[in-house]
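Side-chain atoms are counted along with the backbone in the values below, which use heavy atoms only and exclude waters and symmetry mates. What you see is a predicted model; the values in this text were computed from it and never measured.
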Amino acid sequence: MIEELRCYVINLDSSTKRLDEFNTAFNKTDLNIERISAVDGNLIEIKAFSDDNLCKKQMGRGLQPGEVGCYLSHKKAIEQFLSTDAPYAIVFEDDAIPNEGFEKTVTTVIEKFLKHNSSTAAINLGAMDFKYSSKVLTINGKTLRCNHRFPMLATAVLWTRHGAKTFLENALPITMPYDNFLRYLFSGTNTAFSIQPPIIRFSGIESDIAARNENIRRSARNRSKLYFYRKQKRTIRDKISAINGYFKWILKAN
């Protein structure tokens, strides 16, 4: 693996089974992955980091402790990356599993694309949504795509220093879940990319799925009467940003 790359996995101290699954999956690679102790949102005063009123305006509901903890955990990993002099880093969530060709594809993307495109912010390595995206180039039989609308889910994101700094400059206060914020921050900028088909998949450990479902139930109870209106407004905003990005991409290509 390329020496200029740092790798981090976010993991709660209590989630030992999840970490074991992760380590087993990545032992087949040559990656040196540093564990980042995740922030447990149930053990902090989330109001110190978030603005629930702004979240309700954006999302139609309030923030959940797990969402704030997840967001701060990613922020912690990105800060750790920027404390080094490395130009690139991958931040994994601990349910990530590499697909065949993962390591080779990442190395090729860095050598053939990132080193020649300094404006790139991030590459979503586990994206499943390729709507509002444009083909950039073919790498090892896979397609690197510019995502005019940043894909949801952040199981594995390859960051550049430029992208990491952009995130940190805008990170606080927290006004929406982490993946929603990445969509908001990077949609329409043509600086975010993905790989099709994805080179990361999910492990799906049962206990954590149950925890997620509970978080969803709490979220549903916390919805305002304007929830569906807020959701539609947010969706339209992201689509408009994506379409604007697409036309900028076409004009630049011509």
Side-chain angles (χ1 to χ4, degrees), residues 5-10 22 25-26 29 31 33 36 67 70-71 73-75 77-78 81 87-110 112-114 117 119-168 170-171 176-204 234-235 238-239 241-242 245-246 249:
L5 178 69
R6 297 291 183 273
C7 295
Y8 306 96
V9 56
I10 296 167
F22 179 89
F26 280 89
T29 72
L31 296 175
I33 304 176
I36 300 294
E67 292 171 331
C70 175
Y71 191 112
S73 299
H74 279 273
K75 180 176 178 288
I78 291 169
F81 160 45
Y88 316 110
I90 300 176
V91 177
F92 296 100
E93 294 182 347
D94 59 6
D95 58 352
I97 295 179
N99 285 333
E100 185 176 355
F102 170 82
E103 202 167 356
K104 181 179 179 181
T105 301
V106 169
T107 301
T108 306
V109 165
I110 290 173
K112 291 191 174 181
F113 179 71
L114 288 182
N117 293 274
S119 64
T120 300
I123 301 177
N124 192 323
L125 303 179
M128 299 295 293
D129 174 17
F130 303 102
K131 194 173 183 180
Y132 303 109
S133 68
S134 299
K135 180 179 178 180
V136 179
L137 54 88
T138 299
I139 296 175
N140 301 333
K142 302 180 185 299
T143 303
L144 179 70
R145 307 190 70 87
C146 175
N147 285 87
H148 311 300
R149 182 181 70 176
F150 194 83
M152 297 295 284
L153 301 181
T155 308
V157 175
L158 171 56
W159 288 95
T160 66
R161 296 190 73 84
H162 164 65
K165 289 176 181 177
T166 299
F167 169 76
L168 288 183
N170 297 276
M176 60 188 78
Y178 180 67
D179 47 4
N180 289 98
F181 182 70
L182 294 188
R183 171 165 285 190
Y184 169 76
L185 184 63
F186 292 121
S187 290
T189 66
N190 295 339
T191 62
F193 296 78
S194 63
I195 297 172
Q196 184 183 22
I199 57 176
I200 285 288
R201 66 186 189 275
F202 311 100
S203 64
R234 186 175 72 251
T235 300
D238 293 339
K239 286 182 178 180
S241 294
Y246 171 75
W249 180 267

Tell me whether [X] contacts the main-chain N or O of [Y] through its side chain, where contact means a donor paired with an acceptor under 3.5 Å.
X	Y	answer
N99	P198	yes
T189	F186	yes
N117	F113	yes
T160	G163	yes
Y132	S187	no

Tell me, yes or no, whether the heavy-atom count around Y184 atom OH, taken from other residues, nucleotides or ligands under 6.0 Å, exceeds 12.
-> no
Sort and list the pairs that fulfil salt bridge (Lys or Arg N to Asp or Glu O under 4.0 Å) and have at least one residue in residues 188-200, not counting sequence neighbours.
-> none
Going by the salt bridge (Lys or Arg N to Asp or Glu O under 4.0 Å) test, which pairs reach into residues 120-139, not counting sequence neighbours?
-> D129-R149, D129-R183
Decide yes or no on side chain to side chain contact (heavy atoms under 4.5 Å, CB included) for F202 and I97, but give the supporting numbers first.
-> CA-CA 6 Å; F202 311 100; I97 295 179; over 6 Å; no
Testing the basics here: between [X] and [Y], what is the closest heavy-atom pair and its distance to 0.1 Å?
X	Y	value
N190	C146	CA-SG, 3.7 Å
A171	Y71	O-OH, 2.7 Å
H162	S119	CD2-O, 3.2 Å
I10	S73	CG2-CB, 3.4 Å

Just so I know, are the side chains of [X] and [Y] near enough to count as touching, which here means a heavy-atom distance under 4.5 Å?
X	Y	result
R145	I195	no
H148	S134	yes
V136	F193	yes
E93	H74	yes
T143	L137	no
V157	L125	no
F181	F150	no
T120	T191	no

L5 and L158: CA distance, side-chain angles, deciding distance, side chain to side chain contact (heavy atoms under 4.5 Å, CB included) verdict | CA-CA 9 Å; L5 178 69; L158 171 56; 3.8 Å; yes
Donor + acceptor pair across side chains of S133, N147 (<3.5 Å) | no
Between F167 and Y178, how do the two ring planes meet: parallel, tilted or perpendicular, split at 30° and 60°?
-> perpendicular
Gap between atom [atom2] of [Y] and atom [atom1] of [X] - 0.5 Å precision:
X	Y	atom1	atom2	value
N124	I200	CG	CD1	10.0 Å
F22	D94	CZ	CG	7.5 Å
E103	F26	CD	CZ	9.5 Å
F81	K165	CZ	NZ	9.0 Å
T138	Q196	OG1	CD	10.5 Å
F92	Y8	CZ	OH	12.0 Å

Is R161 positioned over the aromatic face of Y88, cation under 6.0 angstrom from the ring centre and no more than 45 degrees off axis?
-> no
